[in-house]
Trainee: 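Okay, handing you the structure first.
Sequence lines set the chain letters: A, B, ... in the order given, protein chains first and strands last, and positions in each chain run from 1. None of the values given here were measured: they were computed from a predicted structure.
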Amino acid sequence: MPTECSDYLPAEIEPHWQNFWERNQTFSAENSSEKAKYYALDMFPYPSGSGLHIGHPEGYTATDILCRFKWANGFNVLHPMGWDAFGLPAEQYAIKTGTHPALTTRQNVENFRKQIKKIGFAYDWEREINTTSPDYYKWTQWIFLQMFKHGLAYVDEKPVWWCDTLKAVLANEEVVDGKSEVGGHPVERRNLRQVVLRITAYAEKLLNGLEGLDWPDSTKRMQTAWIGRSEGAEIDFVIDQHPDEKLRIFTTRPDTLFGATYMVIAPEHPLVEKLCTEDHKDAVKAYQDAASKKSDLDRTDLAKEKSGEFTGAYAINPVNGTRIPIWIADYVLISYGTGAIMAVPAHDERDFEFAEQFSLPITSVVEPKPQKSTADSPRLPYSGKGILINSENYTGLSSDDAKQKIVADLAQKGSAEATVNFKLRDWIFSRQRYWGEPIPMVWVSRPDFERALDTHDSDLKAYLPGEAVTSIVDGELKYALPVLPQHLPLNLPETESYQPSGTGESPLATIDSWLRVKINLKTGAICAANDPSANSPDWVSAVRETNTMPQWAGSCWYHLRYMDPKNSDAMVGPKAEQIWQTPDIYIGGAEHAVLHLLYARFWHHFLFDIGVLSQPEPYKRLFHQGIILGEDGQKMSKSRGNVVNPDDIVRDFGADALRLYEMFLGPLEAMKPWSTQSIQGMVRFLKKVWTEIIDTETGRVKAKISDSARTDPETAKILHQTIKTVTEDIEGLRFNTAISQLMVCINRFQKAEGYATPDAERFVQLLAPFAPHICEELWERLGNQPSVSKAKWPEFDPSKLVEDSMKIVFQVNGKTRNVVSVSKEITKDTILDMAKKDPKILPHLSGQTIRREIYVPGKLVNFVAN
RNA sequence: GCCCGGGUGGUGGAAUGGUAGACACUGGGGACUUAAAAUCCCUUGGCCGCAAGGCCGUGCGGGUUCAAGUCCCGCCCCGGGCACCA
């Protein structure tokens, strides 16, 4: 049933059809279907307290258009929505007010859902998921356990931001300009126990996998740079004073080995103490101390000047036996390569700068290839490749050949090895927070761990990694045991206080009853420490891991859960995974170009490797919608007061106008400013569509539209052109031009005296993905059964596009002087003749000689004359 | 510093190497109305001209081409990412 209104009243029409879709489950996806599947994924939102932002509907409208288009083309469509609901704000609110984050989250989710529904998105709400629901995070924990089992998890001391005033670990985003975001207190780097995932084991796979993906090039490039693969060699330099000790360095330029005039090791390098001679000890120690106090920021950004200290030691260059000094300097990072380099100031920016500062020798060993070089020798440092000079019997070789040969020759002597290095670091996976997924591990003593290993028929043993995960817990070395899948989910315990512990541990560490447990070494069962029934010798004392997972965890695999959201036996059933495979398109912000999109790829590759999934890459086609700026052209923010609330826009203009406007603003990927004034244009367009089809006196279809009416050729041509353009533009995500073509079409309809009902229906179908509410209403009033989104998509008739005449542009010297309409059959000679006699062309040819005549068939004639 | 992306009317933006400014917003003029809103019509890159028409015009400077917003070279500006990764 349509609504009663005769005028275009979005406030009546929109809720009406939203209810219709909900009642009829119009947009539910089928997990068994003969039809081809289409899966469109939105980046699910963090349900913040401030509600939906005008930026959210941009990407969501785009996928909504695609989905409605695919339904009309007969696909079985999966279009789900959910909540990435763990995270800091709810926890901070809890600390301030004592409100349980679960409660805050529930309220925020309800608000978000209500707001999203008002915009009329075709989500399958039966598949809604929430990362904070135990039914969901059970499987997040399950995936972690698989990683634990496969040796991809370990525990290590890692530097984190620590604020001594707040007595809390801060996330990167909570540190602004070297101060805590809250209160502006000083922060420092402090080493704390962290659970780490070995993403570096997947560096090569993650890099290679990028190749086949239909992603924005910039995003692929960013991931490539982030992974940062570089090929080179590790080379041993014998230390002069300690002939038994070798200093191993990494270089990508073994061809410049003859130009190494000094060595640099990181201040944290384990050999520093041994190398350092007596007379340099104090200075070196002082330098180390100073370096340890510097944050990463000081070591990079602010450090414009290089600093360093001579250790007094010398190394022997393995290619020529030259004795060169060893320095320590903080421009060499302990965390990359071997933490030591050979310095080649002639061919490296940084080494050059350092050498200049400390007056170290600079020896040039590579020259640009002759054809590339100018007459004189290049300015130093020259970091390009070229031809070797001053390199004994390698002189004259190209850089590439020399690299190979030098490494091969040194390798024979056992002092070099070709290696590959990555910038990618392992993923610090723990957070010292309450509101996250508890990490399913407990810690036991070494003897108890060994008993677990020796226990036959043990469920636990099957889940232990090849190499034990150990850590100092409560001051002693402990061993990690998993909380087995059959005991998941490991629920977050209730607590009164969400305050950080004050020692840098999670608030969970303060909940003693939860923390101290017993684990059964056979079954892996866990009970409270004081449970009297756990009295057999299989039960041993344990403490729980108190860190929780980062917010990224839940978003690493949510695209899989949507396929099978209610499965309690598996994260995703094999049948559901077979049907849906991976999203056909993933739309979301470019701010996730690296972290989320890399972490999710890592998990997906891993799950593929252990046989849970049928393919390694999660997101085959990715698209980033641009940011919508405030009316002032600035980024929207509360403090600037330029935030637009979608609820207000829906109330004032309607959801269809909002959807249209966000798509009409400009290319989907572009950054563009909002204008509440311009949205009026969309309201006008929709009213125009309404009044073109509906008689606002009676509310019925206008008399000019009828089954017997004939659509004139010009109108038919524009309609079919519109079918073609809109179809192609939707597939290419060019929604702004699709909408302008729809405007051209309705403008033509207005001029037509009458046209056939099926043509009006075609137009309504084309507009429906963009403005579904008004189109459902018009579709039904035109005499059809809802839903328009399920009606077969119109096809264009090429014969309607054919014209018997064509427009030819006449130019003289490339300047357009006239445009004429001629028969399609016209010959080249005739048209050239016509052009020469054209009254608008003639004056420009008078007194000139035509040097050349150009005819582009069907397009133009150009005379070159002088 | 390095790597990307982008500079087109008053504004958002269109333009397979072939009529630059589609489609909108704003502004101006008009119709309807007691009036306003809504709606409709005309107009809206700059300069010259009564007009017909002409000249100029896609950040700047060169180049390729019969023809350049589009391709090439060198700059300038804006946005994003990375930032001692050897």
Trainee: Looking at R221(A), does any N or O in its side chain come under 4.0 Å of the phosphate oxygens OP1/OP2 on C4(B)?
Mentor: no
Trainee: Ring of Y331(A), cation from K306(A) - is the NZ or CZ under 6.0 Å from the centre and inside 45° of the axis?
Mentor: yes
Trainee: Which residues pass the side chain to side chain donor-acceptor pair (under 3.5 Å) test with T727(A), not counting sequence neighbours?
Mentor: W793(A)
Trainee: Could you tell me whether S335(A) contacts a base, only the sugar-phosphate backbone, or nothing, with contacts defined as non-hydrogen atoms closer than 4.0 Å?
Mentor: nothing
Trainee: Apply side chain to side chain donor-acceptor pair (under 3.5 Å) to S335(A) and list each qualifying residue two or more places apart in sequence or on a separate chain.
Mentor: R425(A)
Trainee: Could you tell me whether R851(A) contacts a base, only the sugar-phosphate backbone, or nothing, with contacts defined as non-hydrogen atoms closer than 4.0 Å?
Mentor: nothing
Trainee: Taking only distance into account, with no hydrogens and no angle test, what donor-acceptor pairs under 3.5 Å do side-chain atoms of residues 228-237 of chain A form with protein atoms, sequence neighbours excluded?
Mentor:
unit_1	atom_1	unit_2	atom_2	d
R229(A)	NE	E204(A)	OE2	2.8
R229(A)	NH1	E231(A)	OE2	2.8
S230(A)	OG	Y336(A)	OH	2.9
E234(A)	OE1	R248(A)	NH1	2.9
D236(A)	OD1	R248(A)	NE	2.9
D236(A)	OD2	R248(A)	NH2	3.2

Trainee: Could you tell me the Watson-Crick or G-U partner of A24(B), where both distances fall under 3.5 Å? Say none if there is no partner.
Mentor: U11(B)
Trainee: Considering only the C1' atoms, how many Å lie between C76(B) and G59(B), rounded to the nearest integer?
Mentor: 7 Å
Trainee: Would you kindly compare Q677(A) and M342(A) by the position of their nearest RNA chain B nucleotide and give the one closer to the 5′ end?
Mentor: Q677(A)
Trainee: Any side-chain to backbone donor/acceptor pair from D7(A) onto L9(A)? Under 3.5 Å, distance only.
Mentor: no
Trainee: If anything within 90° of 0 is syn and all else is anti, what is G57(B)?
Mentor: anti
Trainee: Classify the nucleic acid contact of T816(A) as base, sugar-phosphate or nothing, counting any heavy atom under 4.0 Å across all strands shown.
Mentor: sugar-phosphate
Trainee: Over how many whole Å does the gap from L247(A) atom CG to A86(B) atom C1' extend?
Mentor: 13 Å
Trainee: Mind checking K815(A) for me? I need base, sugar-phosphate or nothing, with any heavy atom below 4.0 Å counting as a touch.
Mentor: sugar-phosphate
Trainee: Considering every strand and a 4.0 Å limit on heavy-atom distances, what is the contact class for G337(A): base, sugar-phosphate, or nothing?
Mentor: nothing
Trainee: If I pick the C1' atom on G62(B) and the same atom on G12(B), what distance separates them, to the nearest angstrom?
Mentor: 32 Å
Trainee: Among A86(B), C66(B), G54(B), find the nucleotide with the atom closest to the side chain of R817(A).
Mentor: G54(B)
Trainee: So, is R684(A) close to the U26(B) phosphate, meaning a side-chain N or O under 4.0 Å from OP1 or OP2?
Mentor: yes
Trainee: Could you check whether H624(A) gets within reach of a base, just the sugar-phosphate, or nothing at all, counting any heavy atom under 4.0 Å?
Mentor: nothing
Trainee: What distance, rounded to whole Å, do you find between the two C1' atoms, one in U70(B) and one in G21(B)?
Mentor: 15 Å
Trainee: Rounded to whole angstrom, note down the C1' distance from A24(B) over to G9(B).
Mentor: 14 Å
Trainee: Inspect the contact between D648(A) and R651(A) and indicate whether a charged nitrogen and a carboxylate oxygen are less than 4.0 angstrom apart.
Mentor: yes
Trainee: Taking only side-chain nitrogens and oxygens of K751(A), does any of them come within less than 4.0 Å of OP1 or OP2 of C40(B)?
Mentor: no
Trainee: Given U19(B), G54(B), A86(B), identify the nucleotide with an atom nearest to the side chain of H844(A).
Mentor: G54(B)
Trainee: How close or far is atom P of A86(B) from atom NZ of K306(A), stated in whole angstroms?
Mentor: 14 Å
Trainee: Need one value for N747(A): base, sugar-phosphate or nothing, where a base atom within 4.0 Å counts as base even if backbone is also close, heavy atoms only.
Mentor: sugar-phosphate
Trainee: Sort me out a list of protein N/O and nucleotides 8-13 of chain B N/O pairs below 3.5 Å, or just none if empty.
Mentor:
unit_1	atom_1	unit_2	atom_2	d
G12(B)	O2'	L665(A)	O	2.7

Trainee: Under 4.0 Å between a side-chain N or O of R734(A) and OP1 or OP2 of C23(B)?
Mentor: no
Trainee: For A83(B), what is the paired nucleotide under Watson-Crick or G-U wobble rules, both distances under 3.5 Å?
Mentor: none
Trainee: Quickly work out the Y8(A) OH to A37(B) P distance and round it to whole Å.
Mentor: 22 Å
Trainee: Looking only at atom P, what distance separates A15(B) and G29(B), rounded to whole Å?
Mentor: 33 Å
Trainee: Reckon E349(A) touches a base, only the sugar-phosphate, or nothing at all at heavy-atom distances under 4.0 Å?
Mentor: nothing
Trainee: Are any side-chain N or O atoms of D330(A) and backbone N or O atoms of A291(A), one a donor and one an acceptor, separated by less than 3.5 Å?
Mentor: no
Trainee: If we call it a pair only when both distances are under 3.5 Å in a Watson-Crick or G-U wobble match, what pairs with C40(B)?
Mentor: G30(B)
Trainee: Which is more 5' along RNA chain B, the nucleotide nearest G339(A) or the one nearest Q680(A)? Just name the residue.
Mentor: Q680(A)
Trainee: Does S230(A) put a side-chain nitrogen or oxygen below 4.0 Å from OP1 or OP2 of A86(B)?
Mentor: yes
Trainee: Given atom CH2 of W690(A) and atom P of U39(B), what is their separation to the nearest angstrom?
Mentor: 16 Å
Trainee: If only atom types and distance count, is the side chain of N642(A) paired as donor or acceptor with the main-chain N or O of S637(A) below 3.5 Å?
Mentor: yes
Trainee: From the options G18(B), C40(B), A86(B), select the nucleotide whose nearest atom is closest to the side chain of I341(A).
Mentor: A86(B)
Trainee: Please state whether the rings of F763(A) and F685(A) are parallel, tilted or perpendicular, taking 30° and 60° as the class boundaries.
Mentor: perpendicular
Trainee: Taking CD1 from I324(A) and P from A86(B), how many angstroms apart are they, rounded to a whole number?
Mentor: 19 Å
Trainee: Once you apply a heavy-atom cut-off of 4.0 Å, does K840(A) come out as touching a base, just sugar-phosphate, or nothing?
Mentor: sugar-phosphate
Trainee: Would a line drawn from the ring center of Y262(A) to the ring center of F358(A) be shorter than 6.0 Å?
Mentor: no
Trainee: With rounding to whole Å, what would you report as the distance between C72(B) and C84(B) at their P atoms?
Mentor: 33 Å
Trainee: Given atom CD of E662(A) and atom C1' of C25(B), what is their separation to the nearest angstrom?
Mentor: 17 Å
Trainee: Tell me the interatomic distance from Y331(A), atom OH, to A83(B), atom C1', rounded to whole angstroms.
Mentor: 16 Å
Trainee: K724(A): which residues meet the salt bridge (Lys or Arg N to Asp or Glu O under 4.0 Å) condition with it, sequence neighbours left out?
Mentor: E728(A)
Trainee: Please give the distance between the C1' atoms of G17(B) and G63(B) as a whole number of Å.
Mentor: 16 Å
Trainee: Using the side-chain heavy atoms of M682(A), tell me which of these nucleotides is nearest: U19(B), C23(B), A24(B).
Mentor: A24(B)
Trainee: Could you give the CD-to-P distance, from E692(A) to U39(B), as a whole number of Å?
Mentor: 15 Å
Trainee: Side chain of T737(A) only, please: which of C66(B), A24(B), A14(B) is the nearest?
Mentor: A14(B)
Trainee: Distance check: side-chain N/O of Y336(A) vs OP1/OP2 of A86(B), anything under 4.0 Å?
Mentor: yes
Trainee: Classify the nucleic acid contact of V744(A) as base, sugar-phosphate or nothing, counting any heavy atom under 4.0 Å across all strands shown.
Mentor: sugar-phosphate
Trainee: Tell me every residue that passes side chain to side chain donor-acceptor pair (under 3.5 Å) with S399(A), counting only those two or more places apart in sequence or in another chain.
Mentor: D255(A)
Trainee: Any base atoms under 4.0 Å from V864(A), or only sugar-phosphate, or nothing? Heavy atoms, all strands.
Mentor: sugar-phosphate
Trainee: Using the C1' atoms only, state how far C66(B) lies from C71(B), rounded to an integer number of Å.
Mentor: 16 Å
Trainee: Please name the nucleotide paired to G74(B) by Watson-Crick or G-U wobble geometry with both distances under 3.5 Å, or report none.
Mentor: C60(B)
